[in-house]
Amino acid sequence: MIRYLYLPVVSGRMAIFEPSKNGAMEFKLTAKASNSRARAGILTTGHGVIETPIFMPVGTAGSVKGIHTRDLEEDIKAQIILGNTYHLYLRPGIQVIEKAGGLHKFNRWNGPILTDSGGFQVFSLGDIRKLTEDGAKFQSHIDGSYHVFTPENVMDIQRSIGADIIMAFDECTPGDADYSYAKNSLELTQRWLERCFTQFNNTEPKYGYRQSLFPIVQGNTYADLRKKAVEHVKTFDADGYAIGGLSVGETVEEMYEMTEVCTADLPENKPRYLMGVGTPVNILEGIDRGVDMFDCVMPTRNGRNGMLFTSEGIINIRNKKWENDHSPIDASGTSFVDQYSKAYLRHLILSGEMLGAQIASQHNLAFYLWLVKTARQKIVNAEFKTWKNEMIMRLKERL
RNA sequence: GGGGAGAUACCGAAGCGGUCAAACGGGGCAGACUGUAAAUCUGUUGGCUCAGCCUUCGUAGGUUCGAAUCCUGCUCUCCCCA
């Protein structure tokens, strides 16, 4: 159902109203654990394949903060990165991205890209936004100017950015929302989803490769709402499905439980993406529950703030105990930066040297990618569950 | 040699008779961070047998019920003139 004729202002031309020529994105399951929902798969996009389960570094403003694409590819071995509709729309602006020929050309990352829709920003912007049936009116965090996101223009913007996977425009509810708020919000998200798909199907990719639209399952911490949401998103036969509205203030137990509720009913042969999650432990628990894709700002943001994730546990590199520890950051780490000493990295971070933030971010990302890669191997070798339990014990350590 | 200004906690710097263990900033120490309004934010920063007590505002005395705050000597710093 088209509520009104929408003319995309962003692209500067009329949308082409004809059926999508996008081929379906391919997802092949290559292995499945027997005592867990964990699976290993291969997701094929217009910019290459992704081996799942995968962690996707977040590159909000078109860059994974502090990391060159060369290091993302060669050192960290990232297979897909994120961008953000809200941030890129505000700055540099969609016209610039279009002129560049899309985000891949703009930031010189030639692998797959996923863009988030801005739904999360609408949530986190708090008081400087207002929701209506039509969409979300919000103020720019940069200059206070007013803007409106609707399911339609968010699809158009993501067409212009040119991500391989684009996300539905949803409302992300806070973890402590009550049932009636969560229910009404879910229904709004569902109506918005219909409009997203209508717009998506009535427009074409701008740069010659296919794009896939992933719906987002909402429903807060209420299992019945989640189940309804899953049934609804399935009707779109999407290339993949996201679980949203988690890691936003609810308990981790609730997060795991809701993840389980969702993966139980989502199509087996399509990738599942748990949005915004999480800690290394969260990711292993997510994989165990049948999730294939994750993203989180934690490795970069917490890294900049001095927190390192390693296979031996968590390090706060600012702590005095590392002052004279000249051993490598992570002796068994896969990144070249892991050979820098703890004492040196501590010095850099405490001195506010940008290299410190870069090293910490790069280490953390390399660790996250190592973690999911290893998880995949363990799934393939049918040793996932044992490995996971042992790994979690170590990951929880505070060094 | 003469004149002036000043010495406050790790550093810088407010305070100028009681409500001062002493504002504020830096530094130190610790914590937070989960689809990035974040190279950010928060707490703490004399000691102890810790709702109380002890020692601290250059130093030695003094005035006062009471002093970082007023007076005197001393030491040291800085500035100006010779």
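Note that the structure is a prediction, hence the values are computed from the model and not measured. Every chain is numbered from 1, with letters handed out A, B, ... down the list of sequences.
- With no hydrogens or angles considered, a side-chain donor-acceptor pair links A/Tyr209 and A/His104 at under 3.5 Å.
- For the residue pair A/Asp143/A/Ser140, the side-chain donor-acceptor check at 3.5 Å is satisfied.
- When rounded to the nearest whole Å, the span between CG of A/Leu350 and P of B/A39 equals 17 Å.
- Taking the charged nitrogens against the carboxylate oxygens, A/Asp224 and A/Lys183 have no contact shorter than 4.0 Å, which rules out a salt bridge.
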In B/S/- notation, 5' to 3', how is nucleotides 32-38 of chain B contacted by protein heavy atoms closer than 4.0 Å?
-> BBBBBBB
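- Distance check on atom P: B/A60 versus B/U8 gives 16 Å, rounded to whole Å.
- B/C33 sits 15 Å from B/G43 when the C1' atoms are compared, rounded to a whole Å.
- Rounded to the nearest Å, the gap between the C1' atom of B/G2 and that of B/U72 is 23 Å.
- One side chain, A/Glu194 or A/His232, offers a donor N or O that lies under 3.5 Å from an acceptor on the other.
- Between B/C79 and B/C16, the distance separating the two C1' atoms is 23 Å to the nearest Å.
- Rounded to whole Å, atom P of B/G28 lies 11 Å from atom CD of A/Glu323.
- If you run salt bridge (Lys or Arg N to Asp or Glu O under 4.0 Å) between A/Glu98 and each of A/Lys105, A/Lys206, A/Arg159, only A/Lys206 comes through.
- Per the geometry, CD1 belonging to A/Ile317 stands 12 Å off P belonging to B/G31, to the nearest Å.
- Separating the C1' atom of B/A5 from that of B/A51 is a span of 44 Å, rounded to the nearest Å.
- A/His347 has its NE2 atom 12 Å from the P atom of B/G28, to the nearest Å.
- The interatomic distance linking A/Lys320 (NZ) with B/U45 (C1') rounds to 14 Å, in whole Å.
- A salt bridge links A/Asp237 to A/Lys270: one of the charged nitrogens lies within less than 4.0 Å of a carboxylate oxygen.
- Across all strands shown, B/A39 has no partner, as no Watson-Crick or G-U wobble contact with both distances under 3.5 Å is found.
- B/A9 and B/C80: their P atoms are spaced 26 Å apart (whole Å).
- Base-pair partner of B/A5: B/U77 (Watson-Crick or G-U wobble, both distances under 3.5 Å).
- Across all strands shown, B/C11 is found opposite B/G25 as a Watson-Crick or G-U wobble partner, with both distances under 3.5 Å.
- Using a 4.0 Å cut-off between charged side-chain N and carboxylate O, A/Lys227 and A/Glu231 make no salt bridge.
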What protein N or O atoms touch nucleotides 10-12 of chain B N or O atoms at under 3.5 angstrom, if any, and at what distances?
none

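- Under 4.0 Å is where a charged nitrogen must lie from a carboxylate oxygen, and between A/Glu285 and A/Lys388 at least one such pair does.
- Between B/C70 and B/G1, the two P atoms lie 29 Å apart (nearest whole Å).
- Distance check on atom C1': B/C11 versus B/G27 gives 7 Å, rounded to whole Å.
- A/Tyr86 has its ring centre less than 6.0 Å from the ring centre of A/His141.
- For residues 285-321 of chain A, the set of pairs meeting the ring-ring contact (aromatic ring centres under 6.0 Å, His included) definition, not counting sequence neighbours, comprises A/Phe309-A/Tyr368.
- With a 3.5 Å ceiling on both atom-pair distances, the Watson-Crick or G-U wobble partner of B/C70 is B/G62.
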